Number of protein chains: 2
Amino acid sequence: MNVTIKDIAEQARVSYATVSRALNNKYGVDPETRRRVLSVAKELNYRPNAIARGLVSNRSFTLGLILPDVTNPYFPAVAAGIEAGAQERGYSVFLCNTNWDTRRETNYIKLLSERRVDGIIHAPVGNTLNEETEGLLPTVYVSNAPKNARQSSVIIDNIRGGYLATKHLIDCGYESVGFVGVSEHETMANNDRLEGYKTAFRRYGKEIKQDYIKFGDFRQETGYKIIQTMIADRSYPQAIFAENDVLAIGILHGIKDMGLRVPDDIALIGFDDISFSAYQEIQLSTISQPKERMGRLAVDLLIDEIESGDAKAAPRRVILEPELIVRKSSCRSTGSDEELLPRTEAGGSVPG
Amino acid sequence: MNVTIKDIAEQARVSYATVSRALNNKYGVDPETRRRVLSVAKELNYRPNAIARGLVSNRSFTLGLILPDVTNPYFPAVAAGIEAGAQERGYSVFLCNTNWDTRRETNYIKLLSERRVDGIIHAPVGNTLNEETEGLLPTVYVSNAPKNARQSSVIIDNIRGGYLATKHLIDCGYESVGFVGVSEHETMANNDRLEGYKTAFRRYGKEIKQDYIKFGDFRQETGYKIIQTMIADRSYPQAIFAENDVLAIGILHGIKDMGLRVPDDIALIGFDDISFSAYQEIQLSTISQPKERMGRLAVDLLIDEIESGDAKAAPRRVILEPELIVRKSSCRSTGSDEELLPRTEAGGSVPG
DNA sequence: CACGGTTTCGTAAACGTTTACAAATTTTTT
DNA sequence: AAAAAATTTGTAAACGTTTACGAAACCGTG
């Protein structure tokens with residue numbers, strides 16, 4: 001059906017081995033025959049069969065991308081970086097959507113291993129590593145990495161992010177600062193953000209009030225409901241740090257629908273800087289992650305590991321800096337920019 | 001390195017052909033040996049090599065998904081449907097992001113054909129078909145289809161959508177209704193929406209005012225600027241139909257930042273119903289597409305074609321109904337629900 | 001117990017490449 | 001002009017499966 005290397009061989013009156021060498025620019029083929037082979041190939045509109053090639057070379061130039069939810073704007077942003085980077089280096093990527101389900105994660109990893117991908121980029125949901133699949137394939141974790149992962153990862157310093165967010169609110173002068181997080185799917189990223197929150201309290205010698213720490217999931221409605229019951233109960237802080245922007249936007253609406261104002265009655269800061277947070281009507285202060293860059297770094301790391309063959313070399317843990325973005329939901333910038341908290345120690349270095 | 005069918009054969013003391021038959025539940029293998037083979041396979045943690053399998057069967061159980069921009073919330077919504085549907089039927093999908101670039105579209109199609117995908121789902125950018133690649137692979141177009149495409153497609157009735165949006169604004173009693181569209185990347189979908197706009201004017205015997213028809217690209221900022229210059233020029237309609245929600249949201253902010261109110265000073269309706277349009281602070285009226293369902297329909301169509309082998313059978317053109325969603329940016333519902341415009345004739349039928 | 005019919009199994013070829021090795025050809029050296 | 005060296009080419013094996021075909025083993029029947 002499809003035209004193969006043998007068809008070319010016939011037309012060009014050489015053996016198919018020579019055709020293979022000519023097409024792959026291998027050393028040791030006469031320039032004249034190479035020319036002839038290439039011209040025949042073009043004429044027949046030859047497309048090499050990547051599958052056959054993969055079988056013998058044991059390399060598919062294919063990656064898996066496992067993420068919890070394409071529909072959550074955070075992930076497409078990093079996926080864009082991954083796709084672009086992979087494409088530039090000759091790899092194609094399989095899209096795998098887990099719906100925040102760890103069992104689906106496991107299934108996908110097994111599937112990808114059957115498809116003989118050369119590696120996977122994984123934005124995992126849990127905070128513990130999956131012993132059944134760890135090490136099955138070269139992996140780079142992105143945006144969240146399980147505790148004591150034995151693989152490389154590209155994340156931001158979530159503790160620092162949580163610290164920056166909380167510090168900002170404290171610096172604004174708010175007496176009480178609450179925290180709304182997601183517990184349903186505990187991730188290291190989330191744990192760390194809470195940790196950063198606590199650190200800020202410690203630094204400022206303030207006491208944490210458990211009533212002002214709430215947990216839900218990662219949906220807008222949840223944030224909406226949580227804040228509304230807090231307000232209804234007349235037990236709410238002056239400011240809130242929400243663990244991600246989607247939650248924060250829900251909270252924002254919850255506050256307004258209860259007839260209170262942001263930031264005058266309750267100030268608010270989110271995390272992630274999804275594109276909609278910048279919208280005029282929302283103007284959510286937040287902690288920004290370099291999402292696309294994280295994606296690029298992750299593929300580059302992965303492909304480097306694959307191509308250098310030292311997949312088993314010391315895993316690299318790239319930890320990027322989060323950035324405080326002050327919009328209108330918190331307070332005007334305080335200007336105090338002192339680096340009270342040193343950056344969290346990274347196991348590896350941060351490139352470029 | 002990896003455990004193969006031969007390793008199993010050895011352990012189970014049968015030929016590897018028998019192993020293959022046992023693993024694939026083929027007819028003609030003794031229940032006892034099958035049991036033995038399966039148990040050895042499990043014990044050795046065998047994972048079939050999809051690449052080798054693909055080589056001989058000439059089927060990769062792999063699809064390509066080509067879309068213009070993962071970062072635009074419309075596309076992840078349909079991608080989610082596609083991914084889920086494909087996964088359920090045993091297919092994996094390659095993510096291909098074209099950045100609204102037709103040359104990248106062509107390159108991706110060629111690449112996918114080298115990877116021997118069984119078919120592709122394509123949300124194309126142009127309105128003309130690419131003669132170089134058309135027919136190279138079984139294809140289903142989604143969300144936009146080139147004029148006289150020879151392949152199946154799943155789209156909504158964009159003429160009707162444009163009509164519904166415009167009619168809604170006219171019914172609200174606005175004297176003048178403008179149109180803001182994207183011209184940079186002309187698509188059939190966009191052309192049709194404008195067509196629907198014009199149809200509504202014709203039905204109502206109103207005259208179209210060219211000053212109120214503007215074009216830009218598909219970015220928020222563009223909508224923002226377009227409306228601001230209109231307002232600055234003191235030449236703007238009472239209501240605006242924007243060709244997509246991203247544009248509409250830009251317009252929304254543009255209006256507010258000029259000190260005017262929505263809908264009191266200028267009413268607004270968008271198209272697509274991306275998730276953020278529903279946000280409390282935005283409340284954009286819009287025309288909704290069943291995005292996830294479109295994705296599912298598209299994969300199902302594609303896989304049916306692939307598996308039935310009649311890829312060359314008459315292409316099916318599935319045309320779904322758009323739905324008017326009235327929020328707060330236009331006017332209260334008018335209640336007039338008469339079906340003035342018959343649905344656009346479809347070349348095929350709309351399945352259950 | 002011979003025989004035809006089933007059922008189970010193994011051998012071999014095939015899928016489209018890459019690549020080690022050897023053969024053939026050309027070029028260089030003496 | 002022969003020998004040696006270098007270049008170019010072909011043959012064959014390999015990658016891990018599936019599957020057509022035929023051989024072997026088993027079954028029941030007369």
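Scope of the values below: all heavy atoms of this structure, side chains included, with no hydrogens, waters or symmetry mates. In what follows, every chain begins at residue 1, and chains take the letters A, B, ... in the order their sequences are listed. Every value quoted in this text rests on a predicted model; they were computed, and no experiment measured them.
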message = Output the rounded distance in Å from CG (A:Asn58) to C1' (C:dT19).
response = 14 Å

message = Is the phosphate of D:dT8 approached by A:Thr18 (side-chain N or O, under 4.0 Å from OP1 or OP2)?
response = no

key: Separation of atom CG in A:Asn2 from atom C1' in C:dG16, rounded to whole Å   = 11 Å

task = Check whether the side chain of A:Arg21 and the base of D:dG10 form a donor-acceptor pair under 3.5 Å.
result = yes

query = Looking at A:Asn24, does any N or O in its side chain come under 4.0 Å of the phosphate oxygens OP1/OP2 on C:dT18?
reply = yes

Distance below 4.0 Å between B:Lys26 side-chain N/O and D:dT19 OP1 or OP2 = yes

key: Test: B:Glu43 and B:Arg36 ion pair at under 4.0 Å   = no

note = note: A:Leu55, atom CG; C:dA14, atom P; distance rounded to Å ~ 17 Å

inquiry  = Show, in sequence, the C-alpha distance, side-chain angles and deciding distance for B:Ser92 and A:Arg115, and conclude whether the side-chain hydrogen bond (donor to acceptor under 3.5 Å, both in side chains) test is met.
reply    = CA-CA 9 Å; B:Ser92 296; A:Arg115 293 214 178 278; 2.7 Å; yes

query = Is a side-chain N or O of A:Asn72 found less than 3.5 angstrom from the main chain of A:Tyr74, in a donor-acceptor match?
reply = yes

Over-ring placement of A:Arg104 relative to A:Tyr108, 6.0 Å and 45° cut-offs = no

request  = Measure from the side-chain heavy atoms of A:Asn49 and tell me the nearest of C:dG10, C:dG16, D:dA12.
outcome  = C:dG16

query = Within this structure, what is the CD1-to-P distance between B:Ile51 and D:dT18, rounded to whole angstrom?
reply = 14 Å

message = Please report the distance, rounded to the nearest Å, between OH in A:Tyr16 and C1' in D:dA12.
response = 7 Å

note = Separation of C:dT27 atom C1' from A:Asp30 atom CG, nearest Å, is 13 Å

task = Return the nearest nucleotide to the side chain of A:Val14; candidates are C:dC9, D:dG10, C:dT17.
result = D:dG10

query = Which residue, B:Ser15 or B:Ser57, contacts DNA chain C at a nucleotide closer to its 5' end, judged by nearest heavy atom?
reply = B:Ser15

query = In terms of side-chain heavy atoms of A:Val56, which of D:dG16, C:dT17, D:dT9 is nearest?
reply = C:dT17

ask   = Which nucleotide, D:dT18, C:dT19, C:dC9, lies nearest any side-chain atom of B:Ile5?
value = D:dT18

query = Separation of A:Phe61 atom CZ from C:dT17 atom P, in whole Å?
reply = 16 Å

message = With a 4.0 Å limit, can you tell me whether A:Ser20 has a side-chain N or O closer than that to the phosphate oxygens OP1/OP2 of C:dT17?
response = no

query = Under 4.0 Å between a side-chain N/O of A:Thr4 and OP1 or OP2 of C:dG16, yes or no?
reply = no

inquiry  = From CD1 of A:Ile8 over to P of C:dT18, roughly how many Å is that when rounded to an integer?
reply    = 11 Å

query = With respect to the phosphate group of D:dT8, does any side-chain polar atom (N or O) of A:Tyr27 fall under 4.0 Å of OP1 or OP2?
reply = no

task = State the CZ-CD1 distance between B:Arg53 and A:Ile51, to the nearest 0.5 angstrom.
result = 12.0 Å

